[in-house]
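Here is the structure we will look at, set down as structure tokens.
Below, all heavy atoms of this structure are taken into account, side chains as well, without hydrogens, waters or symmetry copies.
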Amino acid sequence: MKSIEDIMAMAQNVQDELQKAQANLDTIEVEGVSGGGLVRVKASAKGRIMSVAIDDSLLAPSEKGMLEDLVAAAFNDARAKADAASSTEMGKLTSGLPLPPGFKLPF
């Protein structure tokens, strides 16, 4: 059986690794696309939006509604990819921890 000092040191190590992983998430870049690539949104795995690119062909006033829909779709695509990248990175960190099935850490 491990002593309380060992458990506390292990907990501190896990906390340090979680902080490093969280910082790393902001360096992972994902790209959401919609409209066959007409709208692109780049985001970090933390969900920070880095850029939005809109094809010139969508800048006509008559295309306003479609453009709004495509921008929303690209944001949602980027968010889904950011969530997947975040889960992958956190999974690497928590793979050795004895967590119950389905347990999610608060991120």
Side-chain angles (χ1 to χ4, degrees):
M1 184 167 180
K2 295 184 180 189
S3 70
I4 189 74
E5 289 84 17
D6 291 340
I7 293 170
M8 293 301 289
M10 212 164 91
Q12 182 62 47
N13 186 39
V14 168
Q15 183 177 4
D16 292 344
E17 291 299 317
L18 286 172
Q19 287 174 341
K20 287 178 191 173
Q22 281 290 322
N24 186 45
L25 289 178
D26 211 35
T27 65
I28 297 171
E29 195 174 294
V30 296
E31 182 178 61
V33 297
S34 66
L38 293 174
V39 176
R40 297 177 178 279
V41 174
K42 287 188 181 178
S44 73
K46 263 189 148 172
R48 182 175 56 89
I49 303 303
M50 298 158 64
S51 68
V52 176
I54 300 170
D55 188 89
D56 290 342
S57 67
L58 296 174
L59 299 179
S62 63
E63 300 296 329
K64 182 181 184 295
M66 182 175 62
L67 177 57
E68 291 168 345
D69 291 342
L70 290 172
V71 169
F75 272 104
N76 289 330
D77 188 40
R79 181 73 240 174
K81 289 175 181 175
D83 289 344
S86 177
S87 292
T88 298
E89 288 299 307
M90 288 297 125
K92 290 177 190 175
L93 179 64
T94 60
S95 65
L97 296 176
L99 299 174
F103 182 82
K104 294 193 179 226
L105 293 174
F107 299 115

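Closest non-hydrogen pair, Val30 versus Ala85, comes out as CG1-CB, 4.3 Å.
Pairs of residues two or more places apart, or lying in two chains, that qualify as salt bridge (charged side-chain N to carboxylate O under 4.0 Å, His left out) and include a residue from residues 63-76 are Lys64-Glu68. Listed by first and then second residue, the side chain to side chain donor-acceptor pair (under 3.5 Å) pairs that reach into residues 34-43 are Glu31-Arg40, sequence neighbours excluded.
Partners of Ser57 under the side-chain hydrogen bond (donor to acceptor under 3.5 Å, both in side chains) rule, at least two apart in sequence or in another chain, are Asp55. Applying the side-chain hydrogen bond (donor to acceptor under 3.5 Å, both in side chains) rule to Thr27 yields the partners Asn24; only residues at least two apart in sequence or on another chain are considered. Applying the salt bridge (Lys or Arg N to Asp or Glu O under 4.0 Å) test to Asp83 and every residue at least two apart in sequence or in another chain returns Arg79.
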Report all side-chain donor-acceptor pairs from residues 12-20 shorter than 3.5 Å, counting only partners two or more places apart or in another chain.
| from | atom 1 | to | atom 2 | distance (Å) |
| --- | --- | --- | --- | --- |
| Gln12 | NE2 | Asp16 | OD1 | 2.8 |

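Under a 4.5 Å side-chain heavy-atom criterion applied to ILVMFWY residues, the cluster that includes Phe75 comprises Leu38, Val39, Val41, Ile49, Val52, Ile54, Leu58, Leu59, Met66, Leu67, Leu70, Val71 as well. Annotation for Ile4: hydrophobic cluster partners, listed by chain and number, are Met8 (ILVMFWY side-chain heavy atoms under 4.5 Å, direct or chained).
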Exercise for the section: Take Met50 and Ser44, measure what side chain to side chain contact (heavy atoms under 4.5 Å, CB included) needs, and give me the verdict at the end. Expected result: CA-CA 7 Å; Met50 298 158 64; Ser44 73; 4.2 Å; yes
